[in-house]
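Here the structure comes first, spelled out in structure tokens, and everything after it is commentary.
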Amino acid sequence: MFRLCQRAAFTHKQRSSFTFRLDFPSCDSYSTSQVRLGVLQRVSDKSERFLEQRFPRFYILYHTLRRGFQLLFEDVKEVRRIKRIMRNNNILHRELPYRDMERLILFRRDMIKAIPLVVISLPPFAIGLVFVLMCLFPRQLLFRHFWTPQQQRKFQAITHLKRSRHQADILNNLVWTIPHVGQWPRRSLLLNLCAKIQSGAHPSVSELNAVREVFSGPPLAMQSLVPRHLRSLGSQLPVIVWLPSFLVRRRLTTKALDLLYLDRALDSLGLDQLSDEEMKRACDLRGLDPSRLSSSQCREWLQQWLQFSIQVKESETSLLLHSMAILTLNYPPVPK
């Protein structure tokens, strides 16, 4: 009897050792394959063609926003990479290569311009209002990634038209300041330079270097400029000019130093390394309208600008800012 019970217990233990297992198919067999990706791509292409044919205005808006976010994400990735390199290698901003420094400057400018739209979108259920404002005021609320090519050309023309008006104001402010220049030789040199620009002639780098000392002290040094003069200088750069004058002066100094370091990096790289698009963007950053110039004219002007700016010291930011107006007002020179 004991042996029978022992055999029964062994048989029960042996049977209970079997486990019930269900063989589910692996998740890998349900991963997205190239075939499914191809089907999704064809569906997406058909949807875009349908929107383009039936709702062309909405398609342009959709395509512009999608491409804008793609470019923005690429910029964010590149900026993170540059910041990581700066942190790991203990590199300062002014020691970066030209293209990395330019990308940081443009990204910072774009993000500052996007701040009002972000603030408007903070309240709940404000996304509808944000979308309407984006459509009504794209130049004021959006930046270059979210503009169509037609909008980019149009907004660039508007920006340079306003900039040219303010550059004329800068020249007038210089003329009004001439009687307050202390020494007569400096006053005479500045008067001759302003008279040449007002006559429609394009000044040379040597003529601009001749008046360098005038901008090192009062009344044309950065700390001595009156608020009206500061605001006219700030209007040719992305600076909020209705802020208090000490803030405008600080922002102008920062912008001028960024431009000075960028010029030094560009001189180290060499103009021959720039593409036509990069040259036009470089001219635009320095106040010149590249839309009415050929590539050779952009290169010629940049060579002249670098010939001047690499000699400018960090304490001569006022000279650099005034030169944006002096060297661009009458370029290209009218042939005699």
Side-chain angles (χ1 to χ4, degrees), residues 44-45 47-80 83 102-167 169 227 230-245 247-248 250-252 254-255 258 277 280-281 283-287 289-291:
S44 177
D45 293 341
S47 301
E48 290 189 7
R49 285 197 298 269
F50 174 79
L51 288 176
E52 186 177 7
Q53 294 171 1
R54 298 295 182 88
F55 307 99
R57 291 179 177 272
F58 181 78
Y59 171 77
I60 293 175
L61 179 62
Y62 158 76
H63 180 73
T64 303
L65 289 178
R66 189 183 69 171
R67 185 174 180 276
F69 279 113
Q70 290 174 352
L71 294 174
L72 180 60
F73 290 150
E74 290 177 6
D75 276 356
V76 171
K77 289 172 58 178
E78 283 298 310
V79 168
R80 291 181 61 184
K83 292 289 188 180
E102 183 192 36
R103 186 178 288 271
L104 283 182
I105 291 174
L106 293 177
F107 181 77
R108 190 187 308 130
R109 185 184 68 180
D110 293 339
M111 293 301 100
I112 291 175
K113 191 172 183 181
I115 287 177
L117 194 64
V118 174
V119 172
I120 295 173
S121 63
L122 289 179
F125 309 109
I127 189 64
L129 176 62
V130 170
F131 188 76
V132 172
L133 292 176
M134 286 167 53
C135 296
L136 293 178
F137 307 101
R139 185 172 67 87
Q140 291 81 3
L141 296 178
L142 300 178
F143 49 92
R144 54 195 173 98
H145 291 337
F146 297 94
W147 293 337
T148 63
Q150 295 80 7
Q151 287 177 328
Q152 289 182 7
R153 291 190 294 269
K154 178 183 176 182
F155 297 158
Q156 188 180 40
I158 294 174
T159 300
H160 282 287
L161 179 62
K162 293 183 176 180
R163 184 182 288 176
S164 63
R165 294 173 182 170
H166 293 298
Q167 287 171 346
D169 293 338
L230 282 174
R231 289 182 173 85
S232 62
L233 285 175
S235 298
Q236 62 180 347
L237 291 168
V239 174
I240 303 175
V241 295
W242 44 264
L243 291 174
S245 58
L247 291 178
V248 176
R250 183 183 302 176
R251 291 295 298 158
L252 283 175
T254 302
K255 295 289 184 181
D258 287 344
E277 182 182 356
K280 290 182 180 296
R281 190 164 61 238
C283 290
D284 180 68
L285 276 175
R286 290 155 181 82
D289 183 7
S291 62

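This one's a predicted model, so the numbers in the text were calculated from it and none came from an experiment. Values below: every heavy atom of this structure, side chains too, minus hydrogens, waters and symmetry copies.
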For this session: Work out which heavy atom in Phe146 is nearest to a heavy atom in Phe69; give both atom names and the distance.
Result: CE2-N, 3.7 Å
For this session: Sequence neighbours left out, what passes side chain to side chain contact (heavy atoms under 4.5 Å, CB included) with Thr148? Give chain and number order.
Result: Ile60, Thr64, Gln150, Gln151
Problem set entry | Residues in side chain to side chain contact (heavy atoms under 4.5 Å, CB included) contact with Pro244, at least two apart in sequence or another chain | Phe246, Leu247
Exercise. Which heavy atom in Ile240 sits nearest to a heavy atom in Val248, and how many Å separate them?
Worked result: O-CG2, 3.8 Å
Problem set entry | Partners meeting side chain to side chain contact (heavy atoms under 4.5 Å, CB included) with Leu136 (sequence neighbours left out) | Val132
Problem set entry | Residues forming a salt bridge (charged side-chain N to carboxylate O under 4.0 Å, His left out) with Arg103, sequence neighbours excluded | Asp75
For this session: Could you name each residue pair satisfying side-chain hydrogen bond (donor to acceptor under 3.5 Å, both in side chains) that touches residues 230-239, not counting sequence neighbours?
Result: Asn173-Ser232
Problem set entry | Over all atoms of both residues, closest heavy-atom pair of Leu72 and Met111 | CD1-CE, 3.6 Å
For this session: Output, in order, the C-alpha distance, side-chain angles, deciding distance and verdict of side-chain contact (heavy atoms from CB on, under 4.5 Å) for Val239 and Leu233.
Result: CA-CA 9 Å; Val239 174; Leu233 285 175; over 6 Å; no
For residues 137-144, dump all side-chain donor-acceptor pairs below 3.5 Å to protein atoms at least two apart in sequence or in another chain.
unit_1, atom_1, unit_2, atom_2, d
Arg144, NE, Asp110, OD2, 2.9
Arg144, NH2, Asp110, OD2, 3.0

Exercise. What is the distance from atom NE2 of His145 to atom CZ of Phe107, rounded to the nearest 0.5 Å?
Worked result: 8.5 Å
Exercise. Taking only residues two or more places apart in sequence, or in another chain, which ones meet Asp258 in a salt bridge (charged side-chain N to carboxylate O under 4.0 Å, His left out)?
Worked result: Arg108
For this session: List for me each residue that meets ring-ring contact (aromatic ring centres under 6.0 Å, His included) alongside Phe131, sequence neighbours excluded, and say none if there are none.
Result: none
For this session: Please identify each residue that fulfils side chain to side chain donor-acceptor pair (under 3.5 Å) with Arg109, with sequence neighbours left out.
Result: none
Problem set entry | Reported CZ-to-CZ distance for the pair Arg286 and Arg281, which is rounded to 0.5 angstrom | 10.5 Å
For this session: State which residues pass side chain to side chain contact (heavy atoms under 4.5 Å, CB included) with Lys280; sequence neighbours excluded, sorted by chain then number.
Result: Pro290, Cys298
Exercise. Among all residues two or more places apart in sequence or in another chain, which pass the salt bridge (charged side-chain N to carboxylate O under 4.0 Å, His left out) test with Glu74?
Worked result: none
Problem set entry | Lys255 to Leu237 - nearest heavy-atom pair and separation | CB-CD1, 4.0 Å
For this session: Any salt bridge (charged side-chain N to carboxylate O under 4.0 Å, His left out) involving residues 111-133? Give me the pairs, sequence neighbours left out, ordered by first then second residue.
Result: none
For this session: Work out which heavy atom in Gln156 is nearest to a heavy atom in Asp284; give both atom names and the distance.
Result: NE2-OD1, 3.6 Å
